[in-house]
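Positions are given from 1 along the sequence. First listed ligand is number 1; within each ligand, the first listed atom is number 1. The structure presented is a predicted model; accordingly, all values stated were derived computationally and were not measured.
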Amino acid sequence: MMKYHVLTLFPEMIEQGLSSSIIGRATEKGLLQVEAINIRDYSTNKHHKVDDYPYGGGAGMVMQAGPVYDAYEDLVQKLGKKPRVIYLTPQGKVFNQKMAEEFAKEEDLVFLCGHYEGIDERVLERIVTDYVSIGDYVLTGGELPSMVMIDCISRLVPGVLNNDVSADIESFHDNLLEYPQYTRPDTFLGMKVPDVLLSGNHGKIEQWRREQSIKRTLERRPDLLEDANLSKKELEYLKRLQQEKEK
Ligand code: SAM
């Protein structure tokens, strides 16, 4: 069972965002547990304030160290161990499938969501083990990024996907994008499903899908191909595609 503990000022975002579809069902089945901890509950201020002006001036507000630290300490007490703490920040390492595979090995993961201009550096220095960004752009808070990560990591938890093999052949596995998918009807707006998929020849279908993956990766994400795991035959296919492209 994978347990997520999200430290946030907006627990309802997390609760609502992760309660439906595949993640919601996996939680009901007891494969996952999502706990949203309201940092505001740890404010010692009588108005439950959790932010203040930045030292040195400048725009915006900064989340104070105290409530974040107390929320974390309370959690560590309850767990009886120090879990990994991920701070969602545009200054972190950009999240990818490999990192998801690594995080999926943990039993407990803490996500710390910032808001406003961010969080007082001192508490980050004390509790954060991983700084993670979901991309080179700035959002208003860490809630959506933590949900993105939780969604992605949860798909790798055994039993969450009905079809256990599907995570293995998807985009980014082997550093290739997935081949195109089709379902009924076999003709749509005059466009037919590729014949090979109706042939029933599994060897041919497999080969076609691999080639489509390579072709698609070359067209859309050529940067991935550098680390792709290709057979000699597939490398030759890739070379032919590259030569055609240059013509
Ligand atoms: N002043 C901060 C900076 O320049 O690094 C940005 C603060 S941002 C407006 C508020 C919060 O949103 C951050 O503390 C972080 O938790 C979250 N956030 C924003 N963009 C993000 C991204 N690309 N990935 C992960 N978290 C992000």
For atom 1 (N) of ligand 1, find the nearest protein heavy atom and state the residue, atom name and distance (0.1 Å precision).
-> E117 O, 3.1 Å
Atom 23 (N) of ligand 1: the protein heavy-atom neighbour that sits closest, reported with distance to 0.1 Å | Y137 O, 2.8 Å
Against heavy atoms of G135, which atoms of ligand 1 measure under 4.0 Å?
-> 23 (N)
Determine, for E102 against R84, whether the closest basic-nitrogen to carboxylate-oxygen distance falls under 4.0 angstrom.
-> yes
What part of P145, side chain, backbone, both or neither, has a heavy atom within less than 4.0 angstrom of ligand 1?
-> side chain
Answer yes or no: is there a side-chain heavy-atom contact under 4.5 Å between M2 and E107?
-> no
Do E106 and K3 meet the salt-bridge criterion of a basic N to acidic O distance under 4.0 Å?
-> no
Considering the heavy atoms of Y116, write down every atom of ligand 1 situated less than 4.0 Å from one of them.
-> 7 (C), 8 (S), 9 (C), 10 (C)
Taking distance alone, no hydrogens or angles, what donor-acceptor pairs closer than 3.5 Å link side-chain atoms of residues 89-96 to residues at least two apart or in another chain?
residue: T89; atom: OG1; partner: Q91; partner atom: N; Å: 2.9
residue: N96; atom: OD1; partner: K98; partner atom: N; Å: 3.1
residue: N96; atom: OD1; partner: M99; partner atom: N; Å: 2.9

Any pair counted as salt bridge (Lys or Arg N to Asp or Glu O under 4.0 Å), so long as it reaches residues 190-217, sequence neighbours left out | D174-R210, K192-D195, R210-E234
So, are E35 and K78 salt-bridged, with charged N and O less than 4.0 Å apart?
-> yes
Could you list which atoms of ligand 1 come closer than 4.0 Å to a heavy atom of T89?
-> 24 (N), 25 (C), 26 (N)
Y87 and ligand 1 - part of the residue with a heavy-atom distance under 4.0 Å = side chain
Of all protein heavy atoms, the one nearest atom 16 (O) of ligand 1 is L88 O, 2.6 Å
What residue and atom, counting heavy atoms only, is the protein's closest point to atom 3 (C) of ligand 1, and at what distance?
-> Q91 NE2, 3.7 Å
Looking at V138, which atoms of ligand 1 are within less than 4.0 Å of one of its heavy atoms?
-> 8 (S), 9 (C), 20 (N)
